[in-house]
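To start, the structure under review is shown below, and the notes come after it.
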Protein chains: 2
Amino acid sequence: MAVHEHSTAHMDCDNCPIRHRAVCARCESDELDALNAIKYYRTYDVGQTIIWSGDHMDFVASVVEGIATLSQTMEDGRTQMVGLLLPSDFVGRPGRDHAPYDVTATTQVTMCCFRKKAFEEMMLRTPHIGQRLLEMTLDELDAAREWMLLLGRKTAREKIASLLAIMARRDASLKPQGAAGQVVFDLPLTREAMADYLGLTLETVSRQISALRKSGVIQLEGKRHVVVPDIDRLLNETGDDADGGFFG
Amino acid sequence: MAVHEHSTAHMDCDNCPIRHRAVCARCESDELDALNAIKYYRTYDVGQTIIWSGDHMDFVASVVEGIATLSQTMEDGRTQMVGLLLPSDFVGRPGRDHAPYDVTATTQVTMCCFRKKAFEEMMLRTPHIGQRLLEMTLDELDAAREWMLLLGRKTAREKIASLLAIMARRDASLKPQGAAGQVVFDLPLTREAMADYLGLTLETVSRQISALRKSGVIQLEGKRHVVVPDIDRLLNETGDDADGGFFG
DNA sequence: CGCCCAATTTGATTTCGATCAAGGTCAATC
DNA sequence: GATTGACCTTGATCGAAATCAAATTGGGCG
């Protein structure tokens, strides 16, 4: 029975890293049952704010489907995106009860939520979960630092190319691509959201995308559908080390 | 005897968060002995590179004394600082064996190092350590995100004011200050290092510091010694929310 | 279908910070 | 006490991105 419950539970939350990777993977069904008992799902519409900065947060959550952003806004309205949440990413911090950032749904988003108190108790009993969370947090920190290099030192063109490369990489790992070196994907962000990601204005984003199109590095179909005929040409525009093994 | 050993060990590594906060605080001397058995100290001179990006790393470490920086450099030499390590900060990542960033000593630095393999085994046996590390990593992630807002959206003047406020805050928490609202400290960074922190050139850093001096927000004695006569005036220049409780 | 509105593109101009180029300061060393 | 060299300041100019201001596109809806 334990095995059967296990595989059922597996289906309904495929992307939840807490259960799926740290617990499920080891088939420890007691833990799984405990997690199932304290979790619930919520869905948010495009553009909906999931959490306001400063809000009391009594849950932690994991993105099951869709894309959400973390962002910070200054009094005068300047905003900077500081996190991009993709399926399997985790939000919320055990041991802190007010949200430090706005969390907004960029597409329709489904979250797998755990009541914070119960989750914290769970963590104490189950070292796997804490370890998995540490690993994920360290990955996020590495990503944040890469992002800092982009914000502080890259040109507008390099910023755009880097963002496109990130999107391309993500999608390339999901679906096998056609011709060698070709990658096709849809931008999940508006020009304004891209600007907030990159520390630019939306006009500059638009101009640089046009420039990359004109120089043949990318092709656009509509506003959001991107064809990258030769991924290496795009990578050459990012300013990053040429011989990265991302698409190798 | 256990008590005596405890307090001795306490003395020689006051700032090590792993032992001091996570283990020592609970007076669990078995754990303490185990940590003592796998640790060693190293000292680095001003300007010395502690770790090169890409190096094999067989240790993790904690800063005992001094200031070190994490930074990333692009092929053409553009450099962005991505971390500032102060006493009690941790470097290195369990489960990864190549360093992702350059680590450089900005002042003379003493590190308390633990052999990575032994440290990892220790973590498995001692949940406190992993929990403490998670907490520290989450704090670093928050700091990185604050820093992203600075890099992406603040003006040069706001960037300088923010950096000065960070330094002032750090020093104000160490020593009690004289007149109400007055803070005095020494800059531990060269103009170039400040520029790398802020995503500016050193000339812009110099000009903006001069501008803050001319407008009376700060006073300089020599190049590095800073007097902030009214901390609120400095905070008003940072662009951050006015009513932060840092110095309250 | 045609209207509407948000998203995007494009153009003209300005501005902030980068770049290039001298000087200045100060502590260490001969 | 002159010389050196690292660090810092200041000035002049340039240029990339911001800002201000219209168009244009295209999907959704009455």
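Remember, predicted model here, so these are calculated numbers, not experimental data. Letters A, B, ... mirror the listed sequences (proteins, then strands); counts begin at 1.
- Straight-line distance from the CG atom of L220(A) to the P atom of dG26(D): 11 Å, rounded to whole Å.
- One end of the helix from dC1(C)-dG30(D) to dC30(C)-dG1(D) points its axis 30° away from the other end's axis, with each axis taken from 5 pairs and the angle rounded to 10°.
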Would you tabulate the nitrogen or oxygen pairs shorter than 3.5 Å linking the protein to nucleotides 3-6 of chain D?
none

- For the pair T73(B) and T79(B), evaluate side chain to side chain donor-acceptor pair (under 3.5 Å) and give the outcome as yes or no after the intermediate values. CA-CA 4 Å; T73(B) 301; T79(B) 298; 3.3 Å; yes
For residues 42-59 of chain B, tabulate all N or O donor-acceptor pairs below 3.5 Å that involve a side-chain atom, not counting sequence neighbours.
{"from": "Q48(B)", "atom 1": "OE1", "to": "D45(B)", "atom 2": "N", "distance (Å)": "2.7"}
{"from": "S53(B)", "atom 1": "OG", "to": "P100(B)", "atom 2": "O", "distance (Å)": "3.4"}
{"from": "D55(B)", "atom 1": "OD2", "to": "W52(B)", "atom 2": "N", "distance (Å)": "3.3"}

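- Applying the side-chain contact (heavy atoms from CB on, under 4.5 Å) criterion to S206(B), with sequence neighbours excluded, gives no partner residue.
- Remark: E140(A) engages L141(B), R145(B) in a side-chain contact (heavy atoms from CB on, under 4.5 Å) (not counting sequence neighbours).
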What N/O pairs connect the protein and nucleotides 15-19 of chain C at under 3.5 Å? Give each pair on its own line.
{"from": "dG17(C)", "atom 1": "OP1", "to": "A156(B)", "atom 2": "N", "distance (Å)": "2.7"}
{"from": "dA18(C)", "atom 1": "OP2", "to": "T201(B)", "atom 2": "N", "distance (Å)": "3.3"}
{"from": "dA18(C)", "atom 1": "OP2", "to": "T201(B)", "atom 2": "OG1", "distance (Å)": "3.1"}
{"from": "dA18(C)", "atom 1": "OP2", "to": "T204(B)", "atom 2": "OG1", "distance (Å)": "2.4"}
{"from": "dT19(C)", "atom 1": "O4", "to": "R207(B)", "atom 2": "NH2", "distance (Å)": "2.7"}

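- Under the 3.5 Å distance criterion, with hydrogens and angles disregarded, no donor-acceptor pair is assigned to the side chains of S71(B) and D102(B).
- For R93(A), the side-chain contact (heavy atoms from CB on, under 4.5 Å) test picks out R96(A), E135(B), L138(B), D139(B), D142(B), with sequence neighbours left out.
- R170(B) CZ to I166(B) CD1: the interatomic distance, rounded to the nearest 0.5 Å, is 11.0 Å.
- Distance check: L85(A) CG to I67(A) CD1 gives 9.5 Å after rounding to the nearest 0.5 Å.
- Shown here are the salt bridge (Lys or Arg N to Asp or Glu O under 4.0 Å) partners of K223(B), two or more places apart in sequence or in another chain: there are none.
- With sequence neighbours excluded, the residues satisfying side-chain contact (heavy atoms from CB on, under 4.5 Å) with Q208(B) are A156(B), R157(B), I160(B), T204(B), A211(B).
- Sorted by first and then second residue, the ring-ring contact (aromatic ring centres under 6.0 Å, His included) pairs involving residues 148-172 of chain A (not counting sequence neighbours) form an empty list.
- Straight-line distance from the CD1 atom of I209(A) to the P atom of dT10(C): 11 Å, rounded to whole Å.
- Between Q80(A) atom CD and dA18(D) atom P the separation is 12 Å, expressed in whole Å.
- Here ring-ring contact (aromatic ring centres under 6.0 Å, His included) pairs that include residues 194-214 of chain B, with residues two or more places apart or in two chains, are W147(B)-Y197(B).
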Protein and nucleotides 5-8 of chain C: nitrogen or oxygen contacts under 3.5 angstrom:
{"from": "dT8(C)", "atom 1": "OP1", "to": "R224(A)", "atom 2": "NE", "distance (Å)": "3.1"}
{"from": "dT8(C)", "atom 1": "OP2", "to": "R191(A)", "atom 2": "N", "distance (Å)": "2.9"}

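- R78(B) places a side-chain N or O within 3.5 Å of a backbone atom of R153(A) that can act as its donor or acceptor partner.
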